[in-house]
Amino acid sequence: MDHKELKQFPSDFLWGSASAAYQVEGAWDEDGKGVSVWDNYVRIPGKTFKDTNGDVAVDHYHRYKEDVKLMAEQGLKAYRFSVAWTRIFPNGRGEVNQKGLQFYVDLVDELIAHNIEPVLTLYHWDIPQALQDEYGGWESRKIIADFNNYAKTLFETFRGKVKYWVSLNEQNIFTAHGWLMGIHPPDKKEPKLFYEVNHIANLVNATVINTFHEMKMDGKIGPSFAYSPQYALDSNPKNILAAENAEDALSHFWMDVYLYGEYPIAIFNRLKEQGIAPTFEEGDAELLKSAKPDFLGINYYQSNTVAWNPLENGVGMGEMNTTGKKGTSGESGEPGLYKRVVNPHVERTNWDWEIDPTGIRVAMRRITSRYRVPILITENGLGEYDKVEDGKIHDDYRIDYLSKHVSAIREAISDGATVLGYCTWSYTDLLSWLNGYQKRYGFVYVDQDETMQGSLKRIPKDSYYWYKDVIEKNGSEN
Ligand code: BGP
């Protein structure tokens, strides 16, 4: 719908930006930090782009003060970061590694001193290797107690200081990439196990949300979901059904559990037919129903367009483009449900991600209508090559991407969505898990590349100054 007049962004809107521990910190074995599954995975040749790793990353661990200063100068209102579990409990549980915890205490204090709201993600994919070795990490229900203990430690430490908490980052991505597609640790392709793992992650999510509420924390907690709203290629009823299938299998399969405590019916029945439905033990259903997130975090990058995909000889899982060579991603889908097709109406990035600002509005509309829950946009951004010219980075393509998304969010707010804030991905440039350092997202350029020998110098890009202006005007010109 068109609005005659758009609503303003709320006056306390969190104009933010985000990162994740493994992608920015470096200092991978300093101050008593334990080894995470990612510390090991990146050392297996061929797993990441040009075998890049986060040993040094962009050295945020040593340069956080410089980074926070840049945030403050930009006027940033919120910074979303994740805590590396292995800094707090090097082996997943036991005694707290005080030095590791201190890093986050200092970071949070620094942010607060500069009037920047910390948004703390408990888990952004770097589970301690010790727990993976001991009981298969996410494959065992033992992780529920260990995760809850880790979360409680952080809740106690940051009570009164951190008001916004993200429980799990993109459960849909880390489970699917780790256990279905075999492109993240622990590198498995086992559908039955994937659904079990994902179910256990749901139990973990529900448990920590309940703990947070039981501890009467002053703040809000919710998971961050990687949501790509599904579109049908056209009005062919078979393609419409394919889009329904995809929305159920790829979106509601997670969001319904977070918000309703139940899996969507058709997909769950299909998994039962296939003999790969997750095991419900006594108390699971009640636990999932009891946890109420205070908001839903949304990581939005693109929409997804699908068409019918027959069960017999249908398209299966395809290759992802991790090279930045446009047009190299393969066809992919799930036979009997949907297959992904190119949307003829939108542009694509060099990594074949579709650029669709209207999609974020569609996403927020669907969430608002189906779940009636406040939304915190925890990630949105453009991964592209950047060039330094005369010491400057003219990333007008990023400004174009972000400004159109900000406008779409304002339209969604005018439609009636409750939106707490907007965290772009990412604050500084950082390591993209599978795509190395060349796929850049930041407002702040960092001199780091695939050689991992960069000077680590920070340079604010044009988009940094653009966002500064947006924040100053509270988005009123978008
Ligand atoms: C999300 C992750 C981030 C980040 C981002 C960009 O899925 O939560 O950690 O990596 O996507 O993705 P990529 O680095 O693959 O381009």
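Nothing here was measured: the structure is a model prediction, and the numbers come from that model. Counting starts at 1 for both ligands and their atoms, in listed order.
By the 30° and 60° cut-offs, the orientation of the rings of Y422 relative to W15 is perpendicular. Ring geometry for Y64 versus F103: interplanar angle over 60°, hence perpendicular rather than tilted (30 to 60°). Below 30°, between 30° and 60°, or above 60°: for H252 and Y371 the angle between ring planes is above 60°, a perpendicular geometry.
Under a 4.0 Å criterion applied to the non-hydrogen atoms of H124, ligand 1 contributes the atoms 2 (C), 3 (C), 8 (O), 9 (O). Residue E170 has at least one heavy-atom neighbour below 4.0 Å for each of these atoms of ligand 1: 1 (C), 2 (C), 7 (O), 8 (O). With ligand atoms numbered from 1 in the order given, ligand 1 contributes 8 (O) to contacts under 4.0 Å with heavy atoms of N169. Set against the non-hydrogen atoms of K439, the atoms of ligand 1 under 4.0 Å away are 13 (P), 16 (O). The atoms of ligand 1 that sit less than 4.0 Å from any heavy atom of W433 are 3 (C), 9 (O), 10 (O).
Scanning all protein heavy atoms for the shortest distance to atom 6 (C) of ligand 1 gives Y441 OH, 3.3 Å. If you check which protein heavy atom lies closest to atom 5 (C) of ligand 1, you get Y301 OH, 3.3 Å. Among protein heavy atoms, the minimum distance from atom 14 (O) of ligand 1 is reached at S432 OG, 2.5 Å. Among protein heavy atoms, atom 15 (O) of ligand 1 sits closest to N435 ND2, 3.2 Å.
Under a 4.0 Å heavy-atom criterion, I173 is not in contact with ligand 1. Put simply, no part of W351 is less than 4.0 Å from ligand 1, judged by heavy atoms. Proximity of L434 to ligand 1 is not established, as no heavy-atom distance is less than 4.0 Å.
No N or O atom of W353 sits closer than 3.5 Å to an N or O atom of ligand 1. Residue W125 places no N or O, backbone or side chain, under 3.5 Å from any N or O of ligand 1. Polar contact with ligand 1: absent for W425 (N/O pair, distance under 3.5 Å).
Sorted by first and then second residue, the salt bridge (Lys or Arg N to Asp or Glu O under 4.0 Å) pairs with a member in residues 163-189 read K47-D187, E139-K188; sequence neighbours excluded. Sequence neighbours left out, the pairs with a member in residues 448-459 that pass salt bridge (Lys or Arg N to Asp or Glu O under 4.0 Å) are D67-R458.
Between the side chains of N350 and N321, not a single donor N or O lies within less than 3.5 Å of an accepting N or O. Between D447 and S455, the side chains place a donor N or O and an acceptor N or O closer than 3.5 Å (distance only, hydrogens not considered).
Under a 4.0 Å N-O distance rule, the pair K461/D386 qualifies as a salt bridge. A salt bridge links D39 and K33; the closest N-O separation between the charged side-chain nitrogens and carboxylate oxygens is under 4.0 Å.
Judged by the 6.0 Å and 45° rule, R87 forms a cation-pi pair with Y61.
The option from E379, Q23, R440, H177 that lies nearest to atom 1 (C) of ligand 1, judged by heavy atoms, is E379.
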